[in-house]
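This report refers to the structure that appears directly beneath it.
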Amino acid sequence: MIVWIERVTIANYRAIKVLDLMDDSINNISLPIGLPKNVEELAELIVIANRERSPVAIAGNSTKLDWGGIVTGAKSLVSTQNLDRSIAHAVGDLTVTVEAGMTFASLQTILVAAGQFLPLDPAYPDRATIGGIIATADAGSLRHRYGGVRDLLLGITFVRADGKIAKAGGRVVKNVAGYDMMKLFTGSYGTLGILTEVTFRVYPLPTNFGTVILTGAPEKLAQAAKTLLASTLTSIAADVVSTAFSQALDISNTPSLVVKFATIPESIDRQSAQLLEIGKSLGLKGGIWQGTQAEHLWSGIQTGIWGTTPIGCKLGVRLTAAVDTIATLDRETANTAKGVIHLNSGIGACALSDAKHIAPLRNHCEASGGFLSVLQAPGEIKQQLDVWGYRGNAVPLMQQIKQQFDPANILNPGRCF
């Protein structure tokens with residue numbers, strides 16, 4: 001039987017901040033919250049919602065319920081947090097299958113015991129669920145070496161908007177059956193289906209690390225970043241960090257280039273020395289961080305943006321514009337905004353304290369071949385702007401896909417369209 005929490009306001013659900021998620025018409029009324037214990041119960045719940053044309057908001061542990069567009073007209077909230085089992089871990093094949101409600105931290109604990117890990121650095125790593133990470137395409141710094149969420153996904157099981165259970169992909173690395181639904185669901189924000197089970201490609205856990213930090217003038221950092229990308233150095237993460245973020249991380253009072261190596265100690269030493277020499281030739285200050293100091297640094301980069309200010313944005317630019325974009329962020333906010341861009345993808349995030357900074361930063365990103373999406377912000381701000389800020393020609397196609405998967409607009413209505 002499906003577990004329902006009756007007469008609980010969404011604002012009080014697990015102490016989450018979802019007043020900004022829902023529109024004003026339902027902020028102050030109670031909604032039933034569905035907590036299915038298995039995929040069959042979840043499917044039953046969605047069958048009922050579809051039959052009654054009763055839209056649902058979808059959550060895991062609710063860490064990112066306020067990301068993206070405002071969900072409107074939801075009559076209930078459905079959480080997958082009880083779907084948290086480990087299904088299979090093929091250690092020799094470097095794959096793992098878990099239910100989508102498992103937290104990222106729990107999955108990493110399972111993998112670390114076998115000397116493996118899932119190379120993602122999502123926001124809220126202790127509480128974020130696997131399904132939520134996929135739905136928001138939340139990768140982080142390690143995408144520099146290992147790619148984004150969609151590059152690690154091998155297979156998914158999900159509940160469709162009509163309540164039917166469907167699968168795509170498989171549990172092996174070499175799988176070419178059917179359409180690549182994993183890429184379609186990554187970043188779909190729960191608008192196409194509700195993820196219930198996923199299979200990931202995993203990697204051996206590195207045991208040796210070294211972090212090199214270069215600090216100084218943006219134009220010199222840009223040259224160092226260009227040289228790094230064109231070199232044979234094999235870093236697993238390389239981030240450009242804004243002045244305010246550098247200060248918060250106790251790095252410097254200037255923008256920074258933060259690079260992580262993970263290989264044998266001799267190679268780490270050699271590559272670190274080479275990168276430091278590149279920085280020195282450009283007049284940049286450099287240093288090597290190791291051990292606990294480096295761990296705290298990378299943890300701070302992972303967790304230091306989201307939820308720290310009223311407005312949190314995801315952005316993307318061409319690789320060559322990464323440092324210039326951080327410099328623009330510094331300039332537009334008078335060195336008060338925390339921001340980071342992952343060098344090998346051009347994807348990043350920033351925390352803003354004032355909505356007046358959104359337009360100039362979005363203009364810069366779009367001029368640099370990219371985008372700026374407002375994921376976290378008070379409802380009144382989101383209602384006054386285009387949250388996603390997409391200027392491409394794919395919107396009609398995305399709307400058609402939504403219509404095919406969810407013709408009655410049952411799942412997270414308003415989140416993306």
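Position 1 is the first residue of the sequence; numbering continues from there. Treat the numbers as computed from the prediction; the structure is a model and nothing was measured.
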Quiz prompt | side-chain hydrogen bond (donor to acceptor under 3.5 Å, both in side chains) evaluation trace for Glu332 with His364 | solution = CA-CA 11 Å; Glu332 291 291 342; His364 170 84; over 6 Å; no

Could you check whether any side-chain N or O of [X] sits under 3.5 Å from a backbone N or O of [Y], counting only pairs where one atom can act as donor and the other as acceptor?
X	Y	answer
Ser79	Gly60	yes
Ser299	His296	no
Gln116	Val91	yes
Glu197	Thr97	no
Lys260	Phe209	no

Quiz item: Would you say the side chains of Trp298 and Ser141 form a donor-acceptor pair under 3.5 Å?
Solution: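 The answer is no; no qualifying pair exists.
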
Closest contact, heavy atoms only, [X] versus [Y]:
X	Y	result
Asn82	Leu35	ND2-O, 3.5 Å
Leu42	Pro36	N-CB, 3.5 Å
Ser188	Leu184	CB-O, 3.7 Å
Tyr124	Thr63	CE1-O, 3.4 Å
Gly163	Val47	CA-CG2, 3.6 Å
Phe158	Gly193	CD1-CA, 4.5 Å

Exercise. Could you check whether the rings of Phe117 and Tyr146 sit parallel, tilted or perpendicular, using 30° and 60° as the cut-offs?
Key: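 Perpendicular: the ring planes of Phe117 and Tyr146 meet at over 60°.
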
